[in-house]
Amino acid sequence: MDKIIGLMSKDDWIYTGLLLFSFVASCYVRKIGNNILPSGALGFAMALFIIGPKIAYSLGICTIAVLIQLFADKKKTPLYVFLTTFTYLMFVRFAHYLLPVNEVASHTNVIQLIITLRIIGITFEENDAWVHKNDESPTKRYLTQIPTILEKFAYFYHFCGLFTGPYYTFQMLIDSQNPVLQAWDPTLEVKSRFQRLLWSVPIFVITNHYFPLDTLRSDAIWEVSFFTRLVYAALIFVVFKTRVYSAWAIAESICVILGIGIYPAASNPKIIVGPTDLKEFENLQNKEYIEMNSDAIVNLDIPKVEFSDGFRDGMKAWNRSVQTWLALYVHSRVKFMRVETTMLVSAIWHGTYAGYFMSFGVVAMCAILEDVIFKLVPVEPATGLRPQWFRTLYTHTIRCRGFEMLATGFLLKNASDVHHFWSSIYYWLPLLCIPFYIYSVKTATPKPKRSQKSE
């Protein structure tokens, strides 16, 4: 028994228990007509059971955010909530240095992260609906129902995704209450995800047991060849990926059972955005026994994670809900250094460990490096692809080995541990990126200034 328990960490076993309990609960909650408030109450109870009084951390920012939404200038509300929520997140993470409290870590930190996304997301949803309330023929779908205070708290603590993600909007939660979805059978969608577990779980358990992360922290890593270090980094990345593949297979299944992210296939739903063909959606949303899909909640595109040609495609395929959150509420709203700012926000959201900032900082440079290289090797008109020799060489050197190195920075976290391993592989990726980044900055074409309007 001890050997079986030892195959995974305590946190992994707790997350497994939470996911399985949530999966069973979703099968019963699905039968309730309007289940937003019961789901929020269940999520709050689960959080209280797992983290106890530390739930006060998340309750604090939920209350502050709702007060800002109620009383602040509507035009400035998203900015106020965004800055306040991230400032609060930083305070919570450093509170143990200033106050006689324990460090916010593990499950408490994950809940804080998910609620941060939901608070900022619903604020932008409300604000966008208010800004565009007089649009006669909108090309984009906005919030169709302004939530009450109780519904907001229920959304913040909704048990689906509270401990693992994926992120989903309040509008998606409203859409999941459509009575038509009661007649829809989620079996095939859930089955396809559970089939993933047949290979992801065994690979995770085996690689996690035989290739522990602590090896990268030890001096033993210096006793093996450079090639062996790269192979070990690749295996550590396998552990990380299969752990996430397994967790999100169950998490997505819970969403599917509850109807979150389920839309008519003909409406061309996109991750987080939902239906993009609004006319088709209006025609089909109340019809039973039509083809539905879960594209709006698919958090991973595993083939692209594993086999895409570049960094950008690989990153877009990973944790797609958070990627879209960053695109909608950060990248599309800032005016300068969009990639760098987005990566900075992503690093701050993930945590304050130096390893996060080191990895996400290099990611921004990798995107620039890729842009420069792809310009030098253009797409072949006949195939619409770059030459096969280039794709093979680039994918299996810079792209794959780069992601593996970045993953070690993300997992090792502490600056000393990251430096210990990255120095053993000679910081090859950032050193490769820096000249390309400098070249890109120096050769960037400045945007033309807007002409001032005559009085």
Side-chain angles (χ1 to χ4, degrees), residues 18 22 25-26 29 32 34-72 77-78 80-93 104 106-129 143-177 251 254-255 258-261 272 297 299 321-322 324-326 328-329 349-350:
L18 286 169
S22 297
S26 66
V29 171
I32 303 173
N34 188 328
N35 56 48
I36 294 178
L37 296 183
S39 297
L42 177 59
F44 184 85
M46 291 171 65
L48 186 61
F49 177 77
I50 294 295
I51 64 177
K54 289 182 180 179
I55 201 169
Y57 288 120
S58 56
L59 270 176
I61 189 56
C62 289
T63 304
I64 292 169
V66 169
L67 290 174
I68 295 174
Q69 292 166 355
L70 288 173
F71 299 111
T77 296
Y80 293 157
V81 169
F82 190 97
L83 294 177
T84 301
T85 305
F86 269 95
T87 301
Y88 185 92
L89 184 62
M90 296 295 286
F91 167 76
V92 165
R93 285 170 172 162
V104 171
S106 191
H107 314 294
T108 308
N109 184 53
V110 171
I111 292 170
Q112 202 75 32
L113 295 181
I114 298 298
I115 288 179
T116 295
L117 297 180
R118 293 179 179 181
I119 287 172
I120 294 172
I122 199 173
T123 304
F124 275 106
E125 284 186 84
E126 280 190 295
N127 187 260
D128 288 346
L143 196 60
T144 57
Q145 173 187 319
I146 301 301
T148 64
I149 293 176
L150 201 56
E151 286 175 332
K152 287 183 180 181
F153 275 89
Y155 170 60
F156 297 153
Y157 285 100
H158 197 292
F159 76 94
C160 180
L162 184 60
F163 299 94
T164 57
Y167 167 77
Y168 47 86
T169 64
F170 185 75
Q171 182 60 55
M172 293 173 70
L173 195 56
I174 295 173
D175 293 339
S176 71
Q177 307 304 301
I254 296 166
C255 291
L258 293 173
I260 298 172
I272 301 308
I297 203 65
N299 209 29
S321 62
V322 173
T324 306
W325 185 95
L326 288 165
L328 291 174
Y329 306 132
W349 178 75
H350 278 89

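Keep in mind the model is a prediction, meaning the values are calculated, not measured. Any value given below was found using the heavy atoms of this structure, including those in side chains, with hydrogens, waters and symmetry copies removed.
- Of the possible polar contacts, one joining the S176 side chain to the L173 backbone as a donor-acceptor pair under 3.5 Å is found.
- Across all non-hydrogen atoms, the minimal contact from I272 to M172 is O-SD, 3.5 Å.
- Considering every non-hydrogen atom in both A154 and I36, the closest pair reads CB-O, 3.6 Å.
- Contact of the I68 side chain with the T123 side chain is not registered, since no non-hydrogen atoms from C-beta on lie closer than 4.5 Å.
- The two residues R118 and Y155 make their nearest non-hydrogen contact at NH1-O, 2.9 Å.
- Rounding to the nearest 0.5 Å gives a distance of 12.0 Å between NZ of K152 and OG1 of T63.
- If you take CG on L162 and CD1 on I254, they are separated by 11.0 Å, rounding to the nearest 0.5 Å.
- At least one donor-acceptor pair closer than 3.5 Å links the side chain of Q177 to the backbone N or O of N35.
- A donor-acceptor pair under 3.5 Å is formed between the side chain of Y168 and the backbone N or O of C160.
- A side-chain donor-acceptor contact under 3.5 Å links S321 to the backbone of Y167.
- Counting only heavy atoms from C-beta outward, the side chains of I61 and F156 never approach each other to under 4.5 Å.
- The distance from the CZ atom of F82 to the OG1 atom of T87 is 10.0 Å, given to the nearest 0.5 Å.
- The closest side-chain heavy-atom distance from E126 to P78 is not below 4.5 Å.
- Proximity of L326 to W349: side-chain heavy atoms (C-beta onward) are nowhere separated by under 4.5 Å.
- In L83, the CG atom is crowded: over 12 heavy atoms of neighbouring residues, nucleotides or ligands sit closer than 6.0 Å.
- Nearest heavy-atom pair, F170 versus E151, reported as atom, atom and distance to 0.1 Å: CE1-O, 4.1 Å.
- Atom CZ of F91 is surrounded by 12 or fewer heavy atoms from other residues, nucleotides or ligands within 6.0 Å.
- Within the 4.5 Å cutoff, the side chain of P166 has heavy atoms near those of the I297 side chain.
- The OG1 atom of T164 sits 7.0 Å away from atom CD1 of I114, with the distance rounded to the nearest 0.5 Å.
- Of all heavy-atom pairs between S39 and H158, the closest is CB-NE2, 3.1 Å.
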- Please report the C-alpha distance between I111 and I50 in whole Å, then the side-chain angles of each, then the deciding distance to 0.1 Å, and finally whether the side chain to side chain contact (heavy atoms under 4.5 Å, CB included) criterion is met. CA-CA 11 Å; I111 292 170; I50 294 295; 5.8 Å; no
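- In this structure a side-chain-to-backbone donor-acceptor pair under 3.5 Å is missing from Q69 to T77.
- The only option from I115, L117, T116 that meets the side-chain contact (heavy atoms from CB on, under 4.5 Å) definition with I119 turns out to be I115.
- Of the possible polar contacts, none joining the Q171 side chain to the E125 backbone as a donor-acceptor pair under 3.5 Å is found.
- Looking at Y88, its side chain does come within 3.5 Å of a backbone N or O of Y57 through a donor-acceptor pair.
- Rounding to the nearest 0.5 Å gives a distance of 13.5 Å between OG1 of T169 and CH2 of W325.
- S58 and Y157 are linked by a side-chain donor-acceptor pair at a separation below 3.5 angstrom, with hydrogens and angles left out of the test.
- Atom CD in Q145 sits 10.0 Å away from atom CG in D175 (nearest 0.5 Å).
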